[in-house]
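Have a look at the structure below, then the notes.
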Amino acid sequence: MKNGTVTRRDFIKLGTGAAATGLAGKVTILEPLRLAASPRPVPPSDTIRFAILGTGVEGCSLLTATLPIPGVECVAAADLYDGRHIAAREALGGKDIETTREYRRLIDRKDIDAIICATPDHWHRRVVEEACEAGKDVYCEKPMSHTVEDGLAIVASVRKNNRICEVGSQRVSNILYAKAKEIWDSGKLGMVDSIQAGWDRNTDFGAFQHPVPPDASPQTIDWDTWLDGAPRRPFDLGRFFSWRRFKDYGAGLAGDLFVHLLSGIHFVTGTNQPAQRAYSSGDIFYYKDGREFPDLLWTLYDYPKFKVVLRCNSNNSEEGEFFRFYGKKGTMLIDGKSVTFKPEAPSHQMDSYTILGWPRKLREQYEAEWKKEHPLPKVGEFKIGHDETEVFTTPRGYSDHTQHLANFFQAMRTRQPVVEDEVFGNHTAIGCHMSNQSYFNRTAVVWDDAAQQIKAA
Ligand SMILES: NC(=O)c1ccc[n+]([C@@H]2O[C@H](COP(=O)([O-])OP(=O)(O)OC[C@H]3O[C@@H](n4cnc5c(N)ncnc54)[C@H](O)[C@@H]3O)[C@@H](O)[C@H]2O)c1
């Protein structure tokens with residue numbers, strides 16, 4: 001291995017996902033960006049101090065992902081289920097931080113610079129607005145908004161208070177996506193007319209049926225506060241732990257997974273607007289557990305220069321997570337661990353089909369001319385298969401969560417733009433809402449930019 005470039009044999013030994021593509025060609029392990037929340041060691045007085053609101057699955061992942069970032073420190077966590085106060089401390093390696101059910105206490109603390117919001121979606125707007133009003137910068141989980149109105153309000157609040165806001169689709173900070181963008185920008189794909197992406201899973205938890213911890217009860221959970229902004233209901237552990245199934249709190253497969261796919265596509269293609277039109281189809285095929293969102297969802301989106309097809313299937317995982325960008329001169333694939341560029345070999349086939357209806361003399365004349373213009377390559381110059389294929393992969397242990405959080409903290413210090421701000425996050429969230437609105441109303445929908453609304457097509 002030399003300068004991050006490995007032979008195919010080295011690569012297979014590394015055992016990464018890209019090896020499974022079985023493609024010949026050059027394989028490169030990409031170098032992660034430096035984790036620079038601060039360019040040099042930071043004295044304790046200059047450390048960024050942050051609090052996290054919501055320390056469930058994602059909140060705990062984020063806390064652990066902050067640990068390698070220099071110059072930042074979690075000082076407090078709020079959650080409405082007491083077990084998650086313990087989980088938060090454990091995610092920080094046992095650090096003794098303030099934990100509370102009262103998120104507002106943390107927003108009011110003057111010694112806290114930033115808030116990470118990892119609550120369910122129906123709480124995002126309130127947390128971001130209150131944090132911005134209190135002068136905090138905010139890292140808000142994806143999908144940024146629960147409704148179109150929430151998204152517009154978040155954008156307005158961040159702007160009004162002149163805050164930094166990073167939205168949490170961490171893949172846009174992934175070195176794979178930076179490489180994919182470089183390939184896109186180089187024009188190597190030629191004209192791209194379509195992009196297909198999907199995220200298929202075949203597990204109960206992948207389909208939003210999450211186990212309930214044995215100590216969960218009305219005594220250990222503040223159910224009333226959790227419901228705030230949503231209709232009142234009796235205590236319901238299924239809703240508390242598996243909220244993505246219900247419209248009052250989440251946005252189903254679109255809000256959970258399409259948002260990552262749309263963020264990746266917008267980032268790579270340099271798109272910063274919602275899709276113009278969307279049409280969805282899907283159904284609840286297997287998980288008939290009272291959920292409102294489908295367990296299979298397809299959406300076809302129109303963008304000005306290409307079409308996008310997204311799919312999430314909860315009942316078959318054959319293709320896992322993938323993106324395919326189809327260009328006239330090549331195809332680019334992204335999977336969980338690699339980016340592959342496959343040039344599309346120009347066709348060197350004579351059109352022997354159309355000339356079937358020509359008189360023999362004209363056919364022979366055409367054939368002779370074609371062969372003169374397309375001489376056979378000399379022996380030794382033949383290229384078989386995609387030997388120009390390039391594969392790029394991440395090093396073992398690479399975390400785009402850490403990279404994305406580092407981007408946020410660095411922007412806090414420099415007051416320079418983040419990679420995924422509230423406007424970008426709003427546009428991808430609108431794409432999710434378009435998908436759902438089309439699915440539920442059984443009609444195509446359009447984004448009316450002047451009215452800032454989704455309307456029936
Ligand atoms: N970026 C990613 O890859 C990724 C992955 C998973 C989840 N998410 C997002 O993260 C968010 C949380 O998802 P999750 O899977 O961790 O959910 P979760 O249910 O596991 O955790 C959410 C926690 O928020 C707490 N909470 C709710 N309202 C609160 C409030 N007002 N104050 C304090 N705590 C409050 C709840 O008590 C709960 O423990 C969602 O927006 C989700 O879409 C992002």
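Atoms within each ligand, like the ligands themselves, are counted from 1 in listed order. All values derive from a computational prediction rather than experimental measurement.
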Quiz item: Only one of R311, K337, R171 forms a salt bridge (charged side-chain N to carboxylate O under 4.0 Å, His left out) with E321, so which one is it?
Solution: R171
Quiz item: What protein heavy atom is closest to atom 20 (O) of ligand 1, reported as residue, atom name and distance in Å?
Solution: V57 N, 3.1 Å
Quiz prompt | Nearest non-hydrogen protein atom, atom 12 (C) of ligand 1 | solution = A118 O, 3.2 Å
Exercise. Kindly identify the option in L106, D222, T100, D79 whose heavy atom sits closest to atom 23 (C) of ligand 1.
Key: D79
Quiz prompt | Verdict with supporting geometry, H122 and W226, ring-ring contact (aromatic ring centres under 6.0 Å, His included) | solution = CA-CA 9 Å; H122 69 295; W226 190 87; 5.1 Å; yes
Self-check item: SB check D193 K307 (cutoff 4.0 Å)
Solution: no
Quiz item: Is there a nitrogen or oxygen of H124 sitting under 3.5 Å from a nitrogen or oxygen of ligand 1?
Solution: yes
Practice problem: Look at atom 32 (N) of ligand 1 and say which protein heavy atom is nearest, naming residue and atom and giving the distance to 0.1 Å. | Solution: Y103 CB, 3.7 Å
Practice problem: Go through ligand 1 atom by atom and flag the ones less than 4.0 Å from a non-hydrogen atom of A78. | Solution: 33 (C), 34 (N)
Exercise. Around atom 41 (O) of ligand 1, find the nearest protein heavy atom and jot down its residue, atom name and distance.
Key: D121 OD1, 2.8 Å
Quiz item: So, R232 and D224, do they make that salt bridge, N to O below 4.0 Å?
Solution: yes
Quiz item: Which atoms of ligand 1 sit under 4.0 Å from any heavy atom of P143?
Solution: 43 (O)
Practice problem: State whether the shortest distance between N or O atoms of R84 and N or O atoms of ligand 1 falls below 3.5 angstrom. | Solution: yes
Quiz item: How far is atom 28 (N) of ligand 1 from its nearest protein heavy atom, and which residue and atom is that?
Solution: L80 CD1, 3.4 Å
Self-check item: Heavy-atom nearest neighbour of atom 14 (P) of ligand 1 within options R244, E141, Q170, M144
Solution: R244
Quiz item: Of all the non-hydrogen atoms in the protein, which one sits nearest to atom 11 (C) of ligand 1, and at what distance?
Solution: T119 O, 3.2 Å
Quiz item: Does at least one non-hydrogen atom of C117 fall below 4.0 angstrom from an atom of ligand 1?
Solution: no
Practice problem: Run the numbers for me: atoms of ligand 1, each under 4.0 Å from some heavy atom of G168, listed by number. | Solution: 1 (N)
Quiz prompt | Heavy-atom proximity to atom 21 (O) of ligand 1, best of G83, G56, G54, G229 | solution = G56
Practice problem: Give a yes or no on whether a salt bridge exists between D113 and K136, defined as a side-chain N under 4.0 angstrom from a carboxylate O. | Solution: no
Quiz item: Any idea which atoms of ligand 1 are less than 4.0 Å away from a heavy-atom of P120?
Solution: 22 (C), 24 (O), 27 (C)
Exercise. Please report the shortest heavy-atom distance between V128 and S157, naming the atom on each side.
Key: O-OG, 4.4 Å
Quiz prompt | Side chains of E420 and H266, donor plus acceptor under 3.5 Å | solution = no
Self-check item: Cationic N near anionic O, under 4.0 Å, D82 to R101
Solution: yes
Exercise. Could you pull out, from E58, R101, K142, the option with a heavy atom nearest to atom 42 (C) of ligand 1?
Key: K142
Quiz item: Any N or O of L53 that comes nearer than 3.5 Å to an N or O of ligand 1?
Solution: no
Exercise. Determine whether the side chains of Y286 and D204 contain a donor N or O and an acceptor N or O closer than 3.5 Å.
Key: no
Practice problem: Among Y439, F440, F208, find the one that has a ring pair (Phe, Tyr, Trp, His ring centres under 6.0 Å) with F293. | Solution: F440
Practice problem: Give a yes or no on whether a salt bridge exists between R415 and D137, defined as a side-chain N under 4.0 angstrom from a carboxylate O. | Solution: yes
Quiz item: Are any of the side-chain nitrogens in D256 or K142 under 4.0 Å away from the carboxylate oxygens of its partner?
Solution: yes
Quiz item: Judged by non-hydrogen atoms, does E102 sit under 4.0 Å from ligand 1?
Solution: no
Quiz item: So between W223, F241, W243, whose heavy atom ends up nearest atom 18 (P) of ligand 1?
Solution: W243
